[in-house]
Protein chains: 2
Amino acid sequence: MSRATVSRVVNGVRNVAPGIQEAVREAIARTGYAPNQAARSLVTRRTGAVALVLSATGGSFTARLFSDPFFGRVVDGVLPVLRERAVQPVLLVSESEPARLQLVDYLRRGGADGALVVPLDEDDPLPGMLVAAGLPTVLFGRPRPGVRCGWVDLDNAAGARLAAEHLWAAGRRRPAVVAAPESAPAARERLDGFTAALAARGAVAVPVERGRYTEESGRDAMARLWARDPGIDAVFAANDLMARGACRFLAERGVAVPEAVAVVGFDDSTAARDAAPPLTTVRQPVEEMASAMARLLLARLDAGTPRTGSRLFEPVLVVRESA
Amino acid sequence: MSRATVSRVVNGVRNVAPGIQEAVREAIARTGYAPNQAARSLVTRRTGAVALVLSATGGSFTARLFSDPFFGRVVDGVLPVLRERAVQPVLLVSESEPARLQLVDYLRRGGADGALVVPLDEDDPLPGMLVAAGLPTVLFGRPRPGVRCGWVDLDNAAGARLAAEHLWAAGRRRPAVVAAPESAPAARERLDGFTAALAARGAVAVPVERGRYTEESGRDAMARLWARDPGIDAVFAANDLMARGACRFLAERGVAVPEAVAVVGFDDSTAARDAAPPLTTVRQPVEEMASAMARLLLARLDAGTPRTGSRLFEPVLVVRESA
DNA sequence: GACACATGGGAGAGCGCTCTCCGAAACCTT
DNA sequence: AAGGTTTCGGAGAGCGCTCTCCCATGTGTC
């Protein structure tokens, strides 16, 4: 029996007589034969694997990676979609400059058919490098300008609007914002969406201070806001950790949350649930976004077209005790 | 210029005139050429990648995976060793039966040159499957009987002895044990090591109850011990979570820790540090063990021999407040 | 019963590398 | 200067698959 016939049976194509099929399968099972992926890839130009890249530009981040439940949610969303299509999910971490270069090299050489990238930092060069290498890529979060690839993202402006409307409806008329660094598009949308929604309701200029996503920086930003205007009755923070920082400052000053000042966070991370008081926050459907990301990539691989689709998700306001 | 010359330059072998080398490198840089890994693997029978497999037999464990800092420590230990050798680390998760089969298939086809496996459950069939498939494998923890592969492990008996000696030196003469399921070799060693060390000092029979590694099961085991003998003045638990459970039971009964009953855990996980009171516990050097695991695998791949070495690590007692 | 037509399965090219040969050229040595 | 020795680089086989031909059968039609 020729190799061609075996190949046909293994790949389930063309018409092979049932008897022969049976014999081939039996032989495969008996000998424990496994086709050589390298040889197969050489001709099919497919590896059957897709990379899920967790990338950061800052130093040692495996501690962050394996303690922030966010990544677990991403993985949970991605795995079932790939498994169903018999595509092997491969996790890669890019935590330093040499790691990034090695990783790009690995993928350029054909380590995987495509990449799902979760960048932690806005200035991460990795997505641009992968796209430049011609690798089908889908990002969690919109790419930097000039990088053309698929993405999934949250409608940050809509989320900010939800927060604004909630605070307004609760009678808060002197809100402030603890924003994130200006460079981040998502951060800009959250800020602009919030101020625009309030302006539409006739609110005057909203005081803004910026943090760097950490709890400590949120605390400091809140301190600056308070110094500028102790009449503030609500705070919208660009993420949950900074919202916690704001709460901590207010607690230190003996300001009651939410009675005197209402606080709304963003993300609905576990940090929001575990905060004191539990944070009212804007939720992103991470698992759904992650599985959509996987589906977008698979669709592109199937189609073979150079363009990848994108999808914007709607946020939901989760009301707890802080506002 | 022939392909052979280019190949020689890329792989840095044999004598190629410096001028030619320069020209080749320049051309590679200019055209952005990346060698096809599949073609290369086909002839070298190497992929240049090593799998780090995180495996569990129970259901959804990505939540556990991305919240237990243990895995982050393992990854931190493995990555630098592989990077230094320009081997691409590839994380694979095996969280269900179909995932396991797909993963074994992927590796059997040549997805990676070897596997570093971190099994969470003692009855995990994955290591045996990989070894049977002929894949160079190194385990975190000793393999089940009959599975011949390399491993790194902690000298559990020595750790248990440290705990026993610490409690004895503190004047505790009526200790009890919250042990793990009998099936686990590590668990058996911890129990036997503890009782043997005490017997050597003339202690009478030590009461033992078993838990299933969780805090809740530790609490229940402690309750059974207490029902058997409320005169117990010390407890040695086979892991930190069960030690916490024991503390919780004692707190519920108003029994002071460590004044009335001293508690010693095992692992020195963050659960130990965050416990109330902070746990005295036996520490495993996870990062070191993980990098040793990577080195053992690389050594085997270099040597090409079918046998892989193993290494046993010495535990250290970390004294905090619970004993 | 002769033809067209569908169907099963073999032969063989070729995917893009590596690496062993081997010939050509440069360099010593006596 | 003639031979031996080393150095450099080309030719070409072959890694283990897939997939396109193409021929040998089997099936249907008038």
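These figures come from a predicted structure and were not determined experimentally. In what follows, every chain begins at residue 1, and chains take the letters A, B, ... in the order their sequences are listed.
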Of the nucleotides [options], which one has an atom closest to the side chain of [X]?
X       : options                : value
A/Val43 : D/dC15, D/dC17, C/dG16 : D/dC17
B/Leu42 : D/dC17, C/dC17, C/dG16 : C/dG16
B/Tyr33 : C/dC15, C/dC17, D/dT18 : C/dC17

**Request:** Go through the steps to decide whether B/Asp124 and B/Ser55 satisfy the test side chain to side chain donor-acceptor pair (under 3.5 Å), and finish with yes or no.
**Result:** CA-CA 8 Å; B/Asp124 195 328; B/Ser55 177; 2.4 Å; yes
Take the protein atom [atom1] of [X] and the nucleotide atom [atom2] of [N], then report the distance between them rounded to whole Å.
X        : N      : atom1 : atom2 : result
A/Gln37  : D/dC15 : CD    : C1'   : 15 Å
A/Arg46  : D/dT18 : CZ    : P     : 14 Å
B/Arg109 : D/dG16 : CZ    : P     : 16 Å

**Message:** So, applying side chain to side chain contact (heavy atoms under 4.5 Å, CB included) with A/Ser94, which one of A/Leu120, A/Val104, A/Leu126 is it?
**Reply:** A/Leu126
**Request:** Have a look at B/Leu92 and tell me which of B/Val117, B/Leu103, B/Leu54 forms a side chain to side chain contact (heavy atoms under 4.5 Å, CB included) with it.
**Result:** B/Leu103
**Request:** Look at A/Arg45 and D/dT18 and indicate whether a side-chain polar atom (N or O) is within less than 4.0 Å of OP1 or OP2.
**Result:** no
**Request:** Answer yes or no: does a side-chain N or O of B/Arg40 lie under 4.0 Å from OP1 or OP2 of D/dC15?
**Result:** no
**Message:** Would you say CD of B/Glu314 has more than 12 non-hydrogen atoms from neighbouring residues, nucleotides or ligands within 6.0 angstrom?
**Reply:** yes
